[in-house]
2 protein chains.
Amino acid sequence: MARDTLTRDQIVSAAIELLDADGIDGLSMRRLGHRLGSAATAVYWHVEDKDNLVGLAADELWGEVDLPDLDQVDWRTAATSMAAGMHAMLGHHPWLMQALSNHPVYGRGKARYDDHALAVFEKAGFVEAAADQASATVFVFVLGCALGPAAEFSLTRRLSRDKGKPEQHLADVAAQATEIAAQFPRLRQRLPAFDGASYSAVPDNTFEYGLAAILDGFESRLGRPAPPQAPLSHERGH
Amino acid sequence: MARDTLTRDQIVSAAIELLDADGIDGLSMRRLGHRLGSAATAVYWHVEDKDNLVGLAADELWGEVDLPDLDQVDWRTAATSMAAGMHAMLGHHPWLMQALSNHPVYGRGKARYDDHALAVFEKAGFVEAAADQASATVFVFVLGCALGPAAEFSLTRRLSRDKGKPEQHLADVAAQATEIAAQFPRLRQRLPAFDGASYSAVPDNTFEYGLAAILDGFESRLGRPAPPQAPLSHERGH
DNA sequence: ATCAGACTTGCACACCGTTCAAGAGGCGAG
DNA sequence: CTCGCCTCTTGAACGGTGTGCAAGTCTGAT
C-alpha cells in the first residue's frame with residue numbers, strides 16, 4: 001500500500017468540510033483534490049461520481065444523529081428528540097437539502113435513523129402501516145422545516161462570493177416586499193420582517209409548534225380507531 | 001420596438017417547459033436561447049441571472065395554484081384544498097424543490113398563496129402568531145412531502161441521459177437494500193419495496209395521512225388554550 | 001529482479017454561466 | 001427623408017465545471 005494513499009473516509013470527511021464551509025457549489029472536484037493534496041481526478045478511483053460522493057457524505061451525517069434510548073423515555077419525548085436531532089443536523093449542514101432534492105439517499109446511516117423512528121412509533125402503539133405513515137409524517141415535516149434556511153444559506157454564500165451584490169439584492173427584496181405589502185395588507189400586518197431584510201412566510205418556531213401539533217394529532221388518533229379516509233386528488237381541476 | 005423581441009413572459013414560460021421536461025440540469029442558457037430562436041445571451045437583457053430566472057418561473061407557478069373560496073367551505077376543507085393544490089403543483093414540477101432549496105422565492109405568486117393560507121387559519125380561529133405558525137406548519141409539511149419525488153425525478157433524468165447506467169444503478173440499490181435489510185430486520189419487514197427497485201422510507205399516502213394528522217392536532221389545539229411550551233434545543237448534546 | 005495490480009497523474013473534451021464590445025433595428029426629432 | 005438615440009441582439013471570449021483516458025508511479029508478493 002502506497003504511503004500516501006487516499007481513503008474513502010478521508011475523501012468523504014474532506015468533502016463534508018468543504019460543503020459545510022462553502023455550500024454545494026463550493027465543492028468542486030479540483031478544490032477537493034487540492035484539499036487532499038492530490039490531483040482532482042484521483043478521487044474518481046475511490047468514488048464513482050460527484051453525486052455519489054455527496055450521497056456518501058449525506059449518509060455519513062445521518063449516521064451521526066444520536067438516537068434516544070427507547071427504554072428510558074416515553075414515545076412522545078423519543079419522537080421529539082429524534083426530530084430535534086434531525087432538525088439540528090440539517091441546520092448544521094444546510095447543503096444537505098440541496099443534496100437530498102437532487103439525489104435520494106439510501107444508506108446505512110439513513111436506514112439506522114429510519115429504523116429507530118419506526119421503533120418509536122411502534123412503541124407508541126401504531127400498528128402496521130400506520131407506524132410507517134406516522135414516522136414519515138414527522139420525517140417529512142422536519143425536512144420541510146429545513147428548506148427555508150437551506151435556501152437562505154445558499155443564497156448568502158453565493159452573494160458573498162461577488163461583493164457589492166448583497167446590498168443590491170437587499171434593495172431588490174425590499175422593493176419587492178413593499179409592492180407585496182401594498183397588495184396584501186394581511187401579509188404586511190402579520191409579517192414583521194416586511195420592512196426590508198428578508199421576508200419569509202415561515203416563522204422561527206415553526207419547528208416546535210408544528211411538531212407539537214403533529215404529535216397532538218397522533219395522540220388523538222391513537223385514542224380512537226382510524227377513520228376511513230378517501231385519498232385526495234393529486235390533480236388540479238381546471 | 002423590434003418586430004421579434006423577447007419578452008420576460010416568453011422567456012419564463014419557455015424556461016418552465018424546459019425545466020418540466022428535463023429538470024433543472026436540463027435548463028441551460030444556450031438551450032433556452034435555442035428554444036427561443038435567439039442567441040443564448042439575449043436572455044440576459046431581460047433577466048439578471050439564471051437563478052433569477054428560475055425564481056421567476058417558480059413564482060409564476062405559485063401564482064397558478066387555485067385557491068378555495070373561503071365563503072363556501074369550512075376552514076378544514078379549505079386548508080386541505082390549498083395543501084392539495086400545492087402538493088399537486090410540486091408534483092407536476094419536480095425541479096421546484098431543487099430551485100427552492102437553492103434560492104428563496106419572494107414574489108407576487110407566492111405572496112398570494114401565503115396570504116390566502118393565512119386567511120384560512122384566521123377563519124379557523126387562530127389568533128395572531130398562531131395563524132402564522134399553523135399556516136407555516138402545513139406549508140412546510142407539504143414541501144417536505146415533495147422532496148422525495150423530486151429527488152427521484154432528478155435522478156431518473158440524470159440516469160436516462162447516459163443509457164446503460166439505469167440497470168447498473170438498480171443493481172447497486174438492490175445490493176445496498178439487501179445489506180440494509182440484513183442489518184435492520186424491522187425495516188425489511190415493513191418496507192415492501194425492499195427487494196430491488198427503490199427503497200423509500202416515505203409511503204405513498206404520507207401526504208393524506210400526515211395532513212389529516214396535522215389538522216387533527218390543530219383542532220384539538222383550538223379546543224383548549226395553547227399550553228406553554230419551552231423551545232427545543234437545536235444543538236446536539238455531545 | 002520482476003511482475004501484477006493498486007493507485008495517481010496530466011491532458012483533453014464538452015459543456016456551463018456570464019461579460020463585453022460591437023452591431024442591428026425601429027422610433028422620434030429635425 | 002435622415003439623423004441619432006435607445007432598445008435589443010449577437011458572437012466571441014473567459015474561467016470554470018465534471019469526467020474519460022492513456023500513461024505513469026509506487027508497493028508488495030513471487
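Chain letters run A, B, ... following the sequence lines, proteins first and then strands; every chain starts at 1. Note that the structure is predicted; figures quoted are calculated from it, not measured.
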Sugar-phosphate only, base, or nothing, as touched by [X] at under 4.0 Å among non-hydrogen atoms:
X	answer
B:Leu27	sugar-phosphate
B:Thr41	base
A:Leu53	nothing

Could you tell me how far apart [X] ([atom1]) and [N] ([atom2]) are, to the nearest whole angstrom?
X	N	atom1	atom2	answer
A:Leu32	D:dG16	CG	C1'	16 Å
A:Ile11	C:dT8	CD1	P	8 Å
A:Leu6	C:dC7	CG	C1'	9 Å
B:Tyr44	C:dT19	OH	P	7 Å
A:Asn102	D:dG18	CG	P	13 Å
B:His103	C:dG17	NE2	C1'	15 Å
A:Asp25	C:dC16	CG	C1'	12 Å
A:His34	C:dG10	NE2	P	13 Å

5' priority, DNA chain D, between A:Glu48 and B:Ala40 [closest heavy atom]: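 Per heavy-atom nearest nucleotide, the more 5' residue is B:Ala40.
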
DNA chain D: 5'-proximal contact among A:Asp49 and B:Ser38 (nearest heavy atom):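 Looking at the nearest nucleotide for each, B:Ser38 comes out on the 5' side.
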
Residues, nucleotides or ligands: over 12 heavy atoms within 6.0 Å of A:Arg108 CZ: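 No - once you tally the heavy atoms of other residues, nucleotides and ligands closer than 6.0 Å, there are 12 at most.
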
Atom CZ of B:Arg8 with >12 non-hydrogen neighbours under 6.0 angstrom: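 Counting neighbours around CZ of B:Arg8, 12 or fewer heavy atoms of other residues, nucleotides or ligands fall under 6.0 Å, so no.
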
Geometric class of the A:His169/B:Tyr106 ring pair [parallel <30°, tilted 30-60°, perpendicular >60°]: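 Aromatic pair B:Tyr106/A:His169 classed tilted.
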
Mutual orientation of the aromatic rings belonging to A:Trp62 and A:Tyr113 [parallel < 30°, tilted 30-60°, perpendicular > 60°]: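 A:Trp62 and A:Tyr113: tilted rings.
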
Nucleotide nearest A:Lys50 (side chain, heavy atoms from C-beta), chosen from D:dT9, D:dT19, D:dA12: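 Nucleotide nearest to A:Lys50's side chain: D:dT19.
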
Listed nucleotide nearest any side-chain atom of A:Met29, set D:dT7, C:dG17, D:dT19: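 Looking only at heavy atoms from C-beta outward on A:Met29, the closest nucleotide is D:dT19.
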
Distance below 4.0 Å between A:His46 side-chain N/O and C:dA6 OP1 or OP2: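 Result: no.
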
Of A:Arg30 and A:Ala39, the one whose closest DNA chain C nucleotide lies more 5':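 Closest to the 5' end, via its nearest nucleotide, is A:Ala39.
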
Taking every non-hydrogen atom, the tightest pair across B:Ala14 and B:Leu32: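 Where B:Ala14 meets B:Leu32 most closely, the heavy atoms are CB-CD1, 3.9 Å.
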
